[in-house]
Undergrad: 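Take a look at the following structure, please.
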Amino acid sequence: MNIEEKLSNRAQFVRMLLTIGTVVLTIVAYFATIACIYHDSYPDLTYILNPNFLLTCVFITIYWSILDTWLRLNEVYRSRSYGYIVLFHVVENVIGIMLLSFTSVLFGMTVFGRDVLLLFGAMSTILSILFKVAFYIGLRHMRKKGFNNKTVLFICDKAGDSLLSLLYKRYEWGYKIVGAIGDSYIANKYNGKFPVYLDNEVELDKLITQNVDEVIYAKDYDNSQDIIRIIDVCNEIGVTFRLYSPFLNRLSKNTQLRYFDTNAVITVSNTPTNYVGMLFKRIFDIVFSSGVILVGFPFFFIVALLIKIDSRGPVFFRQKRSGLKGKVFRVFKFRTMVANAEDLREDLEKQNEMDGPAFKIANDPRITRIGRILRKTGIDEFPQFLNVFVGDMSIVGPRPPIPTEVEKYERWQLRRLAMKPGITCLWQVSRERNKISFDDWMNLDMQYIDNWSLSLDMVIVFKTIQTMFRADGN
């Protein structure tokens, strides 16, 4: 077994231990919750033998094992922030509890009341966060003492100085720089901090073999033959090779290595290409939208009644919007303006407070009394769950623009049509959304597309709920 296989096996073992730890603590949180809430019914802890409770433990094991792997919470990152750990463990437990609730209804399990879910969710989240934070604190303490470190040899010039400086300062990441091969700029800046060799003063092959775990090449790509030779040397002796360049920072998250026969090419795509992930996104859209429509129907009826009492005109406002790839569809909203609002828009164009092709007025005179309340809370958008259910829209995605606005887009702004439009988005949950410029709005949409994931969608959904309670929309 070579060094790479040993490291891979060790990483898999650590991931398994982290997942087991998370599952065990989640089960502990569940039994502690049951003990707190049902202590009168089961004073002697006989609930442990209850089939419903035992079955729940099986589902907890399955769901949390899958979620821990899916959200990559069982992976060990040397540079992972504590904020990331907290956020994604909250997401993990919220999704897990939703799955358990669905399972309890499906199997007729009667142990999941509101009190149980709230207390279990809180305890499980706190325990899993404390476990993972303690794990990372322990790792960083070990690295500070000299354990679990990786020795690194840098081959760089000024182009790689930012990475070299970062790894030198962040000692808790566990990268120990044993030397650098560079130009006079690198030699002058880092001389005395670690050994620095000029390019023509050292035999690279001998230096790599002297107890080096990784070689990082961080120079302008002006000598591909030099890079190939260093890769070959590293491969021969089992040393990890890393390639860095500021050019790589321009690549999107969806950059992949593809092959035409035996010819490798870097493929850059700036739209989501994860078919399975997009399939789950569509399933979530169908389940969530149908649930909102069924559960919220009585509430929607009351809103419709208030709209009819407040002003004349239809309950719903229908308008043509541009969807995925520019496909035109009709969007549904609760009417918040007078019935002839579209006819009055031309007279108000001079008062437009939005730069770019979008149109927005903070105190639009066309808005009705009930319409202002609906807009502030975002309730006017709820009929769009019908658009989500039929597939024209998604729960989360760039807001669907009016076709006449799309005609005025700059070329780079058209990319927001590369993803299905949504009810809510990054712009929608921004505290500055009422003041944000059109270009910043577009950039937020591009940021969402470039970094899309199911977990990001969940974060935006939760933030949207917060925004609704703040009621600060226009």
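All values below were derived from every heavy atom in this structure, side-chain atoms included, with hydrogens, water molecules and symmetry-related copies excluded.
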Undergrad: What's the spacing between I66 CD1 and L71 CG if we round to 0.5 Å?
TA: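 The distance works out to 11.5 Å.
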Undergrad: Going through the checks in order, is the side chain to side chain donor-acceptor pair (under 3.5 Å) test met by T26 and Y63?
TA: CA-CA 11 Å; T26 305; Y63 293 150; over 6 Å; no
Undergrad: Should the pair F288 and F284 be assigned to parallel (<30°), tilted (30 to 60°) or perpendicular (>60°) ring geometry?
TA: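 Geometry flag for F284 against F288: tilted rings.
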Undergrad: Kindly give the heavy-atom pair with the smallest separation between L444 and W427, and that separation in Å.
TA: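 For L444 versus W427, the nearest heavy atoms are CD1-CA, 3.8 Å.
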Undergrad: Looking at every non-hydrogen atom in both residues, tell me the closest pair between M123 and T33 and how far apart they are.
TA: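 Distance-wise, the nearest heavy atoms are SD-OG1, 3.6 Å.
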Undergrad: Return the CD1 to CG distance between I129 and L87, rounded to the nearest 0.5 Å.
TA: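 Interatomic distance, I129 CD1 to L87 CG, rounded to 0.5 Å: 9.0 Å.
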Undergrad: For the residue pair T61 and S65, establish whether any side-chain heavy-atom pair is separated by less than 4.5 Å.
TA: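 T61 vs S65: side chains touch.
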Undergrad: How many angstroms lie between NZ in K333 and CD1 in I379, if you round to the nearest 0.5 Å?
TA: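 Going from NZ on K333 over to CD1 on I379, the span is 13.0 Å.
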Undergrad: Any non-hydrogen side-chain atom of L167 less than 4.5 Å from a side-chain atom of I216?
TA: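 With C-beta onward as the side chain, the pair touches.
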Undergrad: Would you say R366's side chain and M337's backbone share a donor-acceptor pair under 3.5 angstrom?
TA: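 No; judged by distance alone, with no hydrogens or angles, the pair does not exist.
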Undergrad: Check the orientation of F438 and W441. Use parallel for under 30°, tilted for 30 to 60°, and perpendicular for over 60°.
TA: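 F438 and W441: perpendicular rings.
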Undergrad: Less than 4.5 Å apart, any side-chain heavy atom of F120 and any of N93?
TA: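 When only atoms from C-beta onward are counted, N93 and F120 do not touch, as no gap falls below 4.5 Å.
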Undergrad: Using modelled atom types only, decide if a donor and an acceptor are shared between the side chain of N443 and the backbone of D439 within a distance under 3.5 Å.
TA: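 Indeed, once roles are kept as given, a pair shorter than 3.5 Å links the two residues.
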Undergrad: Run the numbers on E92 and T22 for side chain to side chain contact (heavy atoms under 4.5 Å, CB included), then give the verdict.
TA: CA-CA 11 Å; E92 177 184 47; T22 300; 4.0 Å; yes
Undergrad: Quick one: does any side-chain atom of R416 pair with a main-chain N or O of D445 as donor and acceptor, under 3.5 Å?
TA: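 Absent.
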Undergrad: More than 12 foreign heavy atoms under 6.0 Å from CZ of R318: is that the case here?
TA: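 Not buried by this count: 12 neighbours or fewer within 6.0 Å.
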Undergrad: So, for S290 and F389, which heavy atoms are closest and what is the spacing to 0.1 Å?
TA: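 Taking S290 first and F389 second, the nearest heavy atoms are CB-CE1, 3.9 Å.
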Undergrad: At what distance, to the nearest 0.5 angstrom, does CG of L67 lie from CG of N74?
TA: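 Here the rounded value is 11.0 Å.
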Undergrad: After noting the C-alpha distance and the side-chain angles of M393 and F329, does the key distance pass the side chain to side chain contact (heavy atoms under 4.5 Å, CB included) rule?
TA: CA-CA 9 Å; M393 292 178 63; F329 68 98; 3.6 Å; yes
Undergrad: Determine whether F131 and V24 satisfy the following criterion, side chain to side chain contact (heavy atoms under 4.5 Å, CB included), listing intermediate values before the conclusion.
TA: CA-CA 11 Å; F131 166 61; V24 169; over 6 Å; no
Undergrad: Do the side chains of L99 and W64 get nearer than 4.5 Å, heavy atoms only?
TA: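 No; the side chains remain at least 4.5 Å from each other.
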Undergrad: When you measure from the side chain of K308 to the backbone N and O of G313, does any donor-acceptor pair fall under 3.5 Å?
TA: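 Yes.
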Undergrad: Do the side chains of F382 and V303 get nearer than 4.5 Å, heavy atoms only?
TA: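 They are not in contact (no side-chain heavy atoms under 4.5 Å apart), so the answer is no.
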Undergrad: Would you say L166 and S162 make side-chain contact, with heavy atoms under 4.5 Å?
TA: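 No, too far: nothing below the 4.5 Å cut-off.
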Undergrad: For the residue pair F334 and F317, is the inter-centroid distance of their aromatic rings smaller than 6.0 Å?
TA: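 Ring centroids of F334 and F317 are no less than 6.0 Å from each other.
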Undergrad: Work out which heavy atom in I395 is nearest to a heavy atom in V388; give both atom names and the distance.
TA: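 Looks like CD1-CG1, 3.8 Å.
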Undergrad: Tell me whether R321 contacts the main-chain N or O of P403 through its side chain, where contact means a donor paired with an acceptor under 3.5 Å.
TA: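 Flag not set: sc R321 to bb P403 has no pair under 3.5 Å.
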Undergrad: Looking at R330, is its backbone amide N or carbonyl O close enough to the side chain of N387 to form a donor-acceptor pair, meaning the two atoms are under 3.5 Å apart?
TA: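 Present.
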Undergrad: Can you see which heavy atom on P421 is nearest to which on R399, and at what distance?
TA: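 Of all heavy-atom pairs spanning P421 and R399, the closest is CB-C, 4.3 Å.
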Undergrad: Counting N and O atoms only, with roles assigned by atom type, does the side chain of S322 sit under 3.5 Å from a partner on the main chain of K327, one being a donor and the other an acceptor?
TA: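 No; judged by distance alone, with no hydrogens or angles, the pair does not exist.
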Undergrad: Return the CE to CG distance between M278 and D285, rounded to the nearest 0.5 Å.
TA: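 Interatomic distance, M278 CE to D285 CG, rounded to 0.5 Å: 9.0 Å.
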Undergrad: For M442 versus W412, what's the shortest heavy-atom pair and its separation?
TA: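 Scanning both residues, the minimum pair turns out to be CB-CH2, 3.6 Å.
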Undergrad: With heavy-atom distances below 4.5 Å as the criterion, would you say the side chains of V390 and L386 are in contact?
TA: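 Answer no - side chains too far apart.
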Undergrad: Working note: V152 + Y168, criterion side chain to side chain contact (heavy atoms under 4.5 Å, CB included); need CA distance, chi angles, decisive distance, verdict.
TA: CA-CA 10 Å; V152 178; Y168 178 73; over 6 Å; no
Undergrad: For I370, is there any backbone N or O sitting under 3.5 Å from a side-chain donor or acceptor partner on D310?
TA: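 Flag set: sc D310 to bb I370 pair under 3.5 Å.
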Undergrad: Is the shortest side-chain heavy-atom distance between F462 and V90 below 4.5 Å?
TA: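 No, side chains not in contact.
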Undergrad: Any sub-3.5 Å donor-acceptor pair from K132's side-chain atoms to L73's backbone N or O?
TA: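 Checked: pair present.
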Undergrad: Is there a side chain to side chain donor-acceptor pair (under 3.5 Å) between D380 and T336? Walk through the geometry before answering.
TA: CA-CA 7 Å; D380 61 316; T336 59; 4.9 Å; no
Undergrad: If only atom types and distance count, is the side chain of S128 paired as donor or acceptor with the main-chain N or O of T125 below 3.5 Å?
TA: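 Confirmed, S128 side chain pairs with T125 backbone.
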Undergrad: Could you give the distance from OG (S311) to CZ (R335), rounded to the nearest 0.5 Å?
TA: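 These two atoms lie 3.5 Å from each other.
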